[in-house]
Amino acid sequence: MADGRSGSKRSSADIDNSTQDSKRVKMAKGGDAKDSDRLNPYLAHHYEDDNNGQKNGFGGPLDKLQRHTTTAAQAAAAEDSDLNPWTGQPHSQRYFDILKTRRNLPVSKQRQEFLNMYHEKQILVFVGETGSGKTTQIPQYVLYDELPHLTGKLIACTQPRRVAAMSVAQRVANELDVELGEEVGYSIRFENKTGPKTLLKYMTDGQLLRESMHDHDMSRYGCIILDEAHERTLATDILMALLKQIAGRRKDLKIIVMSATLDAQKFQSYFYDAPLLAVPGRTHPVEIFYTPEPERDYVEAAVRTVLQIHATEPEGDILLFLTGEEEIEDACRRINLEVDDMIRESDAGPMKVYPLYGTLPPAQQQRIFDKAPEPIRPGGRPGRKCIVATNIAETSLTIDGIVYVVDPGFSKQKIYNPRSRVESLLVSPISKASAQQRAGRAGRTRPGKCFRLYTEKAFKKELIEQTYPEILRSNLSNTVLELKKLGVEDLVHFDLMDPPAPETMMRALEELNYLACLDDDGELTKLGSLASEFPLDPALAVMLISSPEFYCSNEILSITSLLSVPQIWVRPNSARKRADEMKQMFAHPDGDHLTLLNAYHAFKAAEQSGQDTKKWCHEHFLSFRHLTSADNVRAQLRRIMETNEIELMSTPFQDKDYYTNIRRALLAGFFMQVAMRESSNSKIYKTVKDDQLVMIHPSTVVSSPYDWVVYNEFVLTTKQYVRTVTNIRPEWLLEIAPVYYDLDTFEKGEIKSALTRITEKIRRRQAMKGGR
DNA sequence: GAGCACTGC
């Protein structure tokens, strides 16, 4: 890269030189009157005059800047300079073009105000609506003040989503006229696009959290900016609590919490009354309409509203929010049918309807960006497009050109019931904040309209202000393990913005204790510490770590990876039967885990024989995307295993115990997820200890019903199901998880009696052996 | 004999 910029006077080595030079200056002028200043390494660059006039490595526009005193005018002057302060290269024309638009952003007017606060305070809260430019500009304002090339301490800006981290980093690299991955980079799982010169790093919040497990003080960073904090992801919530702690230990660390307006006060008071800077957004007004009466069938009402907009409103695209795939496909069908009638009967314009949800293949997701259709005949009524989307269109994807939003007021939300230990998805009313966000989608390019399919009274009285943060709606086993690894000793007093229910914490501690990740005093064990190294749920991590004991760590590694990606089985509505038949080809009689493994092995065999794997997957009704991603996960997990000297091995395939070993190894992590059949010729199972009545999910390949199964997940839909199940033998439970299967801890019932009978059988057998 | 809001490590 350095070669590509021949003539550059600066390279990564220069950074080191300049700090060394500073030290030299410090020593040479040790007795000076301004001694205290000179001993401050942050100010050392002021005294580099002795250093052949070379400052910052290339004597440039940053000369006049002094760390933590930069004014907006000084920074602007440096930005206006012919030479790029960060590379020493001349600025390109494009740079100056972009600079002009940047200066027009609402946030630009408040640069000095921002800097004043930044200089004065360690923590600040920054509030800006969409279009304010905060995500791209604030980190650059910090850059010109923090001057990270002098301290070696990076500026980090976190995002809840990978795409955002990548695309914003690219944008800011363009704005600064640098190569992405050099001075500006990003870091997400599977991809670290940063280098020795990187000063500003965009990253996912989860990635920063993972980094901090090995750097409890986040010592690599001089300033950490948490963006989109109002989304309250699990990672953001934990980072906020950690940063609050670290701020006390590291006075040199600056923290900026950025959020959309609504919850600003809550953030301020959480961070010791941090000062607030608010910047207006740049959006167009959106007129809101409510229904006079509550709607009974919101899908029906939504379809009707879309058609009415199409019939009566001027040109402009429509965005309709529904809750899931099935609903969306159904609504699309109905709208399409009706529009055809409208065109025939009343000469309406054409309308293209696009579904949009997360599990849709990316190519199909892209189609939402197609232009609205042309009028049917020249001079005819204009066409428009209608996108029927899940919540994905609320935050992750923005579509320009939307003028009308139809909001029935529902979304699917994860809820966690600690009593039954079940996470499930439930169609629930959205929050006011969500409703506002949805309405905002209509005003991105010009004034718009939002049709809410509920009454104004319902909006005011029934909707909660904010969606509950994820931390209150999740199983926290993974989080608790992470916190322990992060060095949080006292979980009860860990200062989270919204502390979860004590019962949820207890459940997590209990589960981690059974998994031997925490000892009876709640201290992290060696196994727990190792498990936290893996980006996996604790049960999966423990299964993986234990797998060498069962001589099948290669296979368990594959299964773990397959269980950490979305379902690899493709089942299009148009070809369900063929898809099911194809799946049967991979079926293993002992269950779904082994069937997954078979499919993966077949995929790898196809790859090794040089076949077109994409085509192969298509023919076999397997998801190329998800299998490839499982392969990626596998490589990452494998590296972590190697680093931690966890042996990779297989039982020879010819060995009769090849599959038995794998089935036993599953139990090392999933011994708590076992169910026993209620009675012979029953289809109902009862889960161990929780005594939940469940059925095996119809997607299973298991045809002959086994008496005992281990399951990967519990799903609550129309019925209670266990999904991805494999046949096991109950005596393995007593052997592999003796603490959990201590029969004294079981309540009276069929499971306890069954296990007692087995214990006695084993005892008799051992007695006979002993007697011989 | 049924489903898969959305992210992230």
Side-chain angles (χ1 to χ4, degrees), chain A residues 158-165 187-192 203-214 228 231-239 321-330 355-360 365 389-397 410-415 423-428 430 434 467 469-471 473-474 478-479 481-482 485-486 531-538 540-541 564-573 576-577 579-580 623 626 629 632-633 636-637 640 683 695-703 713 715-723:
Chain A
T158 68
Q159 298 293 321
R161 285 167 290 280
R162 286 192 215 165
V163 259
S187 175
I188 58 175
R189 187 184 186 184
F190 304 128
E191 199 182 356
N192 181 5
M203 64 206 300
T204 46
D205 47 15
Q207 182 76 20
L208 180 58
L209 195 58
R210 206 131 268 279
E211 269 188 13
S212 51
M213 295 199 338
H214 293 283
E228 314 289 1
E231 287 193 28
R232 304 290 308 277
T233 65
L234 248 170
T236 295
D237 270 17
I238 296 165
L239 283 173
F321 285 99
L322 289 175
T323 68
E325 174 176 345
E326 206 180 319
E327 225 173 67
I328 287 171
E329 295 291 355
D330 177 46
L356 175 65
Y357 42 87
T359 47
L360 211 60
Q365 283 193 12
T390 61
N391 254 1
I392 195 169
E394 202 179 295
T395 46
S396 310
L397 270 168
F410 293 96
S411 71
K412 276 192 193 169
Q413 287 166 33
K414 184 172 75 179
I415 48 167
E423 270 184 354
S424 52
L425 284 173
L426 195 70
V427 174
S428 329
I430 58 171
S434 245
T467 310
E470 200 183 357
I471 200 165
R473 299 184 284 118
S474 310
N478 206 359
T479 303
L481 184 63
E482 271 171 13
K485 180 70 169 189
L486 285 159
S532 70
E533 295 287 330
F534 292 90
L536 294 170
D537 276 341
L540 281 170
S564 332
V565 297
Q567 286 275 336
I568 60 166
W569 313 106
V570 175
R571 199 162 180 263
N573 282 334
R576 288 187 188 180
K577 197 156 168 273
D580 289 349
S623 161
H626 298 151
S629 126
N632 252 328
V633 173
Q636 187 193 28
L637 298 177
I640 301 171
K683 287 196 167 173
M695 287 174 70
I696 294 181
H697 196 275
S699 64
T700 188
V701 297
V702 172
S703 49
E713 61 181 341
V715 283
L716 178 64
T717 52
T718 48
K719 297 198 189 86
Q720 301 200 92
Y721 291 107
V722 288
R723 188 159 54 190

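Letters go in sequence order (proteins before strands), and every chain restarts at 1.
- Between A:Asn632 atom CG and B:dC9 atom P there is a gap of 12 Å when expressed in whole angstrom units.
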task: Please step through side chain to side chain contact (heavy atoms under 4.5 Å, CB included) for the pair A:Met203 and A:Glu211, ending with a clear verdict.
output: CA-CA 11 Å; A:Met203 64 206 300; A:Glu211 269 188 13; 3.6 Å; yes
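- Within the structure, every side-chain polar atom (N or O) of A:Thr233 is placed at least 4.0 Å from both OP1 and OP2 of B:dG8.
- Among the heavy atoms of the strands lying under 4.0 Å from A:Thr717 are primed sugar atoms or P, OP1, OP2 only; no base atom is included.
- When the side-chain nitrogen and oxygen atoms of A:Arg189 are compared with OP1 and OP2 of B:dT7, none of them lie within a distance under 4.0 Å.
- Between A:Ser187 and A:Arg723, the residue anchored closer to the 5' end of DNA chain B is A:Arg723, taking for each the nucleotide with the nearest heavy atom.
- A donor-acceptor contact closer than 3.5 angstrom links the side chains of A:Glu329 and A:Tyr357.
- In terms of position along DNA chain B, the nucleotide closest to A:Lys414 lies nearer the 5' end than the nucleotide closest to the other residue of the pair A:Lys414 and A:Phe534.
- Atom pair A:Arg232:CZ and B:dG8:C1' shows a separation of 17 Å (rounding to whole Å applied).
- Across all strands shown, A:Lys719 has heavy atoms under 4.0 Å from sugar-phosphate atoms exclusively, and none from any base.
- Using a 4.0 Å heavy-atom cutoff across all strands shown, A:Ile392 reaches sugar-phosphate atoms only and no base atom.
- Looking at heavy-atom distances under 4.0 Å, A:Tyr357 makes contact with sugar-phosphate atoms alone, never a base.
- Taking only side-chain atoms of A:His697, from C-beta outward, the nucleotide of B:dA2, B:dC6, B:dC9 with the closest atom is B:dA2.
- The shortest side-chain heavy-atom distance between A:His214 and A:Glu533 falls under the 4.5 Å cut-off.
- A:Glu325 comes within 4.0 angstrom of a base, heavy atoms only.
- Across the protein-nucleic acid pair, A:Asp237 atom CG and B:dG8 atom P stand 17 Å apart, rounded to whole Å.
- The side-chain heavy atoms of A:Ser424 and A:Ile415, taken from C-beta on, include a pair separated by under 4.5 Å.
- Taking atom CZ of residue A:Arg210 and atom C1' of nucleotide B:dG8, one finds them 10 Å apart after rounding to whole Å.
- A:Glu211 has its CD atom 12 Å from the C1' atom of B:dC9, to the nearest Å.
- Counting any heavy atom pair closer than 4.0 Å across all strands shown, A:Thr204 reaches sugar-phosphate atoms only and no base atom.
- Proximity of A:Thr395 to A:Arg161: side-chain heavy atoms (C-beta onward) are separated by under 4.5 Å at one or more points.
- Atoms CG (A:Leu425) and C1' (B:dG3) sit 11 Å apart, rounded to a whole Å.
- Closest to the side chain of A:Asn478, out of B:dG3, B:dG8, B:dC4, is B:dG8.
- Rounded to whole angstrom, the span from the CG atom of A:Leu540 across to the P atom of B:dG8 amounts to 19 Å.
- Within 4.0 Å of A:Leu209, counting heavy atoms only, lies no atom of the nucleic acid at all.
- With respect to the salt-bridge test (charged N to carboxylate O, under 4.0 angstrom), the residues A:Glu470 and A:Lys414 qualify.
- In this structure, A:Asn391 places its CG atom 14 Å from C1' of B:dC4, rounding to the nearest Å.
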